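Here the structure is a predicted model, which means the values were calculated and not measured.
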Amino acid sequence: MPSVALLGTGLLGESIGQRLLQRGVSLYVWNRTQGRCRDLIEAGAQALNSPSEAARCCDSLITVLRDGPITAAVLKDIGRLDGSTLITMGTVGVTESQALAQQAAQQGGRYLEAPVLGSKPQALNGSLLVMAGGEAQVFEAQQPLLSHLCQEPLLVGPVGSGAATKLALNQLIASLTHSFSLSLQLIQRAGVPVETFMAILRPSALYAPTFDKKLQRMLDHTYADPNFSTALLRKDLRLFLEEAATAGLQDQGLSGLLSLLERAKGTDLDEQDYCALHELTVLR
């Protein structure tokens, strides 16, 4: 089985690494904070001292990094790819991903964007949703690797289309969470029992499973141990708005939501679960 380099071992990256090790993949790992690789190394991964070592020993290089600029900087540090394929699994903008594809080609490699929907639990059990963008032959070559993480990886189109799909989905995360928070705040102030409201909502066409997933956190005002933070949600919503502006879309409603999320900056809410935006939907 070909060797794989994993660059970026945060919450999602570490879970992806654990899954690949469970599936028998020969894994090499690197993170800017080396201590974040400890659990993967103890589970059988080999440490890379720097990104520049990745292409020397691995045919596929997976990045799970915070944003496009950080991914571009790490790709530059890798140096020559020598025919290896860079697979970006972090959420980046459409134009950022297209620029990464050009950078990878200039460094002698191939490129596949493969952002995922899901977080730690889905990564660990191989049920992430992978939306790939790139050339068909590159996708086909990487499909066996992606299949360890996703039951049915999808090629949605050329480079940029996977990134656009991921941003569209994360916009729904932001909008659904915001709208549910507002509805919850109103019915509670009107004295409507929450369970009565949910009993009406659940069988309706308006229901989304994420409402029940986040309900108890909102009621208890507890947002620790996030799988996806408020800060990352804000970053992704900003990326969506940038792409929406380029596409000539009307974005006034979402601009207001981004302004609301900006209020979490510098507070404990920023690194907590993204449904902590529930604390922002009340005038203070």
Side-chain angles (χ1 to χ4, degrees), residues 1-10 12-21 23-32 34 36-37 40-41 44-92 96-116 123 128 130-150 153-163 166:
M1 185 175 293
S3 297
V4 175
L6 175 64
L7 308 173
T9 57
L12 178 60
E14 181 183 354
S15 301
I16 286 172
Q18 293 286 1
R19 173 66 179 180
L20 293 177
L21 288 170
R23 301 292 289 180
V25 172
S26 178
L27 188 68
Y28 292 76
V29 295
W30 173 87
N31 193 77
R32 196 173 301 277
Q34 292 184 339
R36 298 294 295 271
C37 296
L40 288 172
I41 293 168
Q46 298 184 61
L48 296 170
N49 293 317
S50 71
S52 64
E53 297 179 353
R56 300 175 198 167
C57 58
C58 299
D59 301 310
S60 301
L61 285 60
I62 296 174
T63 62
V64 193
L65 300 165
R66 187 178 182 89
D67 57 30
I70 291 175
T71 305
V74 169
L75 176 55
K76 182 179 179 181
D77 290 342
I78 291 171
R80 295 297 300 172
L81 289 168
D82 297 326
S84 295
T85 301
L86 180 75
I87 306 171
T88 55
M89 288 193 160
T91 303
V92 302
E96 289 177 336
S97 188
Q98 291 166 342
L100 286 167
Q102 293 177 357
Q103 185 179 350
Q106 291 167 358
Q107 293 177 211
R110 290 178 283 271
Y111 180 81
L112 186 72
E113 60 183 11
V116 302
L128 292 169
V130 174
M131 55 217 80
E135 297 178 2
Q137 60 268 35
V138 178
F139 172 73
E140 289 167 6
Q142 299 301 323
Q143 197 166 5
L145 172 59
L146 297 176
S147 294
H148 292 310
L149 305 172
C150 172
L154 292 177
L155 178 65
V156 298
V159 172
S161 58
K166 180 59 162 63

task = Step by step, work out the side chain to side chain contact (heavy atoms under 4.5 Å, CB included) result for Phe139 and Leu146.
result = CA-CA 9 Å; Phe139 172 73; Leu146 297 176; 4.0 Å; yes
ask   = Is there a donor-acceptor contact under 3.5 Å from the side chain of Arg110 to the main chain of Gly83?
value = yes
ask   = With sequence neighbours left out, what residues match Ser15 under side chain to side chain contact (heavy atoms under 4.5 Å, CB included)?
value = Lys120, Ala123, Leu124
request  = Look up atom OH in Tyr28 and atom CD in Glu53, then write down how far apart they are to the nearest 0.5 Å.
outcome  = 10.0 Å
request  = Mind listing the closest non-hydrogen atom pair of His148 and Arg19 along with its distance?
outcome  = O-NE, 2.7 Å
Non-hydrogen atoms of Leu20 and Leu149 that approach each other most closely = CD2-CD2, 4.0 Å
task = Using the side-chain hydrogen bond (donor to acceptor under 3.5 Å, both in side chains) rule, collect all pairs that involve residues 97-106, keeping only residues at least two apart or in two chains.
result = Ser97-Tyr111, Ser97-Glu113, Gln103-Gln107
message = With a 3.5 Å distance limit and no angle check, can you tell me whether Ser161 reaches the backbone of Gly133 through a side-chain donor-acceptor pair?
response = no
query = If you measure from OG on Ser50 to CG on Asp77, what distance do you get to the nearest 0.5 Å?
reply = 8.0 Å
note = Looking only at heavy atoms, the pair that brings Met131 and Val116 closest together is CE-C, 4.1 Å
Could you go through residues 65-74 and list every donor-acceptor pair under 3.5 Å that involves a side-chain atom there, pairing it with any protein atom two or more places apart or in another chain?
from  : atom 1 : to    : atom 2 : distance (Å)
Asp67 : OD1    : Ile70 : N      : 2.9
Thr71 : OG1    : Asp67 : O      : 2.8

message = Checking Leu81 against Leu75 for the side chain to side chain contact (heavy atoms under 4.5 Å, CB included) test, could you report, in this order, the C-alpha distance in whole Å, the side-chain angles of both residues, the deciding distance, and whether it holds?
response = CA-CA 9 Å; Leu81 289 168; Leu75 176 55; 4.1 Å; yes
inquiry  = What verdict does the side chain to side chain contact (heavy atoms under 4.5 Å, CB included) test give for Leu48 and Val29, after you've listed the backbone C-alpha separation in whole Å, the side-chain angles of each residue and the deciding distance to 0.1 Å?
reply    = CA-CA 6 Å; Leu48 296 170; Val29 295; over 6 Å; no
Validation: residues 55-63 side-chain donor-acceptor distances under 3.5 Å, sequence neighbours left out:
from  : atom 1 : to     : atom 2 : distance (Å)
Arg56 : NE     : Ser52  : O      : 3.3
Ser60 : OG     : Gln142 : OE1    : 2.8
Ser60 : OG     : Gln142 : NE2    : 3.3

task = Can you sort out the partners of Cys150 under side chain to side chain contact (heavy atoms under 4.5 Å, CB included), two or more places apart, ordered by chain and number?
result = Val130, Pro153
task = Nearest 0.5 Å please: distance from the CG atom of Leu100 over to the CG atom of Leu112.
result = 12.5 Å
task = Verify, without hydrogens or angle tests, whether Asn31 (side chain) and Cys37 (backbone) share a donor-acceptor contact under 3.5 angstrom.
result = no
message = Working note: Ile78 + Leu7, criterion side chain to side chain contact (heavy atoms under 4.5 Å, CB included); need CA distance, chi angles, decisive distance, verdict.
response = CA-CA 10 Å; Ile78 291 171; Leu7 308 173; 3.6 Å; yes
inquiry  = The criterion is side chain to side chain contact (heavy atoms under 4.5 Å, CB included); which residues satisfy it with Ala136, sequence neighbours excluded?
reply    = Glu140, Leu155
